[in-house]
There are 2 protein chains.
Amino acid sequence: MGVRERRARQKRYLRQEILDAASELFVREGFENVSMRRIADKIEYSPTTIYLYFKDKAELLEQVCAEAFSRLVQRLTKIDEQPGEPLEKMQRGLLAYIQFGLENPHHYRATFMMPIPEGMREEKLQQADSPGMQAFDFLRRCVYDGIAAGKLKVKDPELASQTVWAGIHGVTSLLITHEKFPWVGREKVAKSMVETLIDGLGGARA
Amino acid sequence: MGVRERRARQKRYLRQEILDAASELFVREGFENVSMRRIADKIEYSPTTIYLYFKDKAELLEQVCAEAFSRLVQRLTKIDEQPGEPLEKMQRGLLAYIQFGLENPHHYRATFMMPIPEGMREEKLQQADSPGMQAFDFLRRCVYDGIAAGKLKVKDPELASQTVWAGIHGVTSLLITHEKFPWVGREKVAKSMVETLIDGLGGARA
DNA sequence: ACATTTACTTAACAGTGTTAACTATACGCC
DNA sequence: GGCGTATAGTTAACACTGTTAAGTAAATGT
């Protein structure tokens with residue numbers, strides 16, 4: 001009677017194989033060069049097979065990104081669990097966020113820098129469980145914790161969170177798209193942004 | 001003997017007409033929906049005619065963006081010429097930059113948020129006269145002026161400039177791509193970022 | 001053993017950027 | 001005025017893209 005299960009397992013397996021193939025093409029060749037046909041070639045199936053497992057290209061790449069971002073969320077929760085001053089945790093978290101973006105430029109681009117195809121703007125990102133939003137939530141918790149500990153002096157915590165997000169997104173995205181710009185140093189700019197944000201929000205750093 | 005000139009004038013005219021058509025499609029329909037054929041339809045020429053005036057689609061859209069960004073540079077120089085405290089000028093400039101991005105999301109996206117097609121990364125953006133770089137130069141001058149006036153306390157002015165750029169780029173790009181995110185308020189976040197950056201860089205604001 | 005569901009493929013549509021080859025017109029010159 | 005040439009624009013085609021509809025073959029349930 002395990003037939004049904006075996007079939008389901010095989011389906012899951014192929015689905016994952018598609019995801020893996022897409023992910024590898026994604027990181028190697030970049031977003032624009034991932035075509036359904038190329039993914040299909042890689043797994044040696046016909047292009048249309050993919051549509052039996054994913055609604056369309058957008059959904060497939062969304063899943064690929066979700067996988068990647070869940071790794072970021074893992075890192076962030078690990079940082080959160082470790083002991084330390086709220087502001088120091090925040091600093092480490094923000095740097096981890098930026099570092100993740102730089103290590104996974106294509107995934108970061110796809111989730112945060114691509115135009116959302118008109119109509120699912122509300123649904124997709126506002127879902128609190130979307131990996132992008134989980135990352136933002138971590139960051140927001142950092143701000144709230146900093147305020148609770150009296151280490152951050154801001155009137156509007158939500159505004160502060162969004163400002164911080166915008167800040168670290170700024171470095172990340174700019175370093176990604178303008179790789180060849182004469183940066184004073186990638187890590188340097190990242191660190192400078194994090195410090196500037198915390199200082200600017202009245203942070204009492206060590 | 002003005003024949004040659006008349007012909008040249010006609011060429012310039014058609015070139016501008018292509019630019020205008022592309023620009024209009026650009027702002028109305030967005031980047032991804034501007035196709036060479038659609039531009040051609042609009043000006044009632046064959047698609048290939050465009051290639052007599054522009055090397056390829058990238059160059060055409062680059063010119064479109066250059067036109068738009070020159071307007072930003074105009075605004076910024078106007079701000080620069082007006083009297084006022086360095087930090088206040090800076091604040092107005094940064095807000096103008098953000099506002100420009102929000103008013104011209106597609107142009108901003110094309111110049112600062114698109115992957116640069118591998119090979120012309122150095123040439124294109126590093127050219128000091130590119131409109132993107134002119135805008136950045138303004139911003140950098142603001143930082144240097146702020147330091148010179150003793151209103152900004154930073155060790156590395158270049159690092160500070162890049163941090164500021166990343167910051168305002170962050171708000172701008174995030175507000176563009178995630179329009180439907182429950183922002184605490186678009187202008188509010190923009191203002192908060194500008195203030196946070198200046199404060200974070202040891203700015204002595206009024 | 002037969003009918004049905006399942007998994008997958010082939011063929012096709014409508015679109016993309018771009019190139020090569022062709023055509024018609026306007027020009028300079030004798 | 002007529003002729004050859006440069007100029008400006010066109011048509012047709014290539015090699016792609018995402019996606020859908022229709023068809024096929026094998027595994028399954030009865």
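Lettering of chains follows the sequences in order, A, B, ..., and the numbering in each one begins at 1.
One interatomic measurement links the two molecules: NZ of B:K57 to C1' of C:dG15, which rounds to 12 Å at whole-angstrom precision. In this structure, the CD1 atom of B:I50 is 12 Å from the C1' atom of D:dG9, given to the nearest Å. Atom CG of B:L52 is separated from atom P of D:dA6 by 17 Å (rounded to the nearest Å). The nearest whole Å value for the distance from the CZ atom in A:F54 to the P atom in D:dG18 is 15 Å. One can place CG of A:D56 at 13 Å from C1' of D:dT20, the figure rounded to the nearest angstrom. Regarding A:L60, its CG atom lies at a distance of 14 Å from the C1' atom of D:dT19, rounded to whole Å.
Residues meeting the ring-ring contact (aromatic ring centres under 6.0 Å, His included) test with A:H106, sequence neighbours left out: none. Applying the side chain to side chain donor-acceptor pair (under 3.5 Å) rule to A:R38 yields the partners A:E29; only residues at least two apart in sequence or on another chain are considered. Every side chain to side chain donor-acceptor pair (under 3.5 Å) that B:T48 has, sequence neighbours left out, goes to B:S46. Among residues two or more places apart in sequence or in another chain, the side chain to side chain donor-acceptor pair (under 3.5 Å) test is passed with B:E32 by B:R109. With sequence neighbours excluded, no residue forms a side chain to side chain donor-acceptor pair (under 3.5 Å) with A:H107.
In the region residues 10-22 of chain A, proximity to DNA chain C at under 4.0 angstrom, judged on heavy atoms, holds for A:K11, A:L14. Of the residues in residues 24-45 of chain B, those with a non-hydrogen atom less than 4.0 angstrom from any atom of DNA chain D are B:R37, B:Y45.
For the OP1/OP2 pair of C:dA7 and a distance below 4.0 Å, the side-chain nitrogens and oxygens of A:T49 include no atom meeting the criterion.
Sequence neighbours left out, the pairs with a member in residues 42-53 of chain A that pass salt bridge (charged side-chain N to carboxylate O under 4.0 Å, His left out) are A:E24-A:K42. The stretch residues 27-61 of chain B participates, sequence neighbours left out, in these ring-ring contact (aromatic ring centres under 6.0 Å, His included) pairs: B:F26-B:F31.
Around atom NZ of A:K57, more than 12 heavy atoms belonging to other residues, nucleotides or ligands sit under 6.0 Å away.
Counting only N and O atoms by type, the side chains of B:T163 and A:T196 include no donor and acceptor under 3.5 Å apart.
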Solution key, residues 64-71 of chain B side-chain donor-acceptor pairs under 3.5 Å, sequence neighbours excluded:
unit_1 : atom_1 : unit_2 : atom_2 : d
B:E67  : OE2    : B:Q16  : NE2    : 3.0
B:S70  : OG     : B:E67  : O      : 2.8
B:R71  : NH2    : B:N104 : OD1    : 3.4

Let me have the donor-acceptor pairs involving side chains of residues 136-148 of chain A, under 3.5 Å, with sequence neighbours excluded, atom names and distances please.
unit_1 : atom_1 : unit_2 : atom_2 : d
A:D137 : OD1    : A:R140 : NH2    : 2.6
A:R140 : NH1    : A:E158 : OE2    : 2.5
A:Y144 : OH     : A:E158 : OE1    : 3.0

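When each of B:P47 and A:P47 is assigned the nucleotide of DNA chain D bearing its nearest heavy atom, the one mapping closer to the 5' terminus is B:P47.
Backbone-only engagement by A:Y53 is indicated by non-hydrogen atom pairs under 4.0 Å involving sugar-phosphate atoms exclusively.
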Protein-nucleotides 20-25 of chain C N/O pairs closer than 3.5 Å?
none

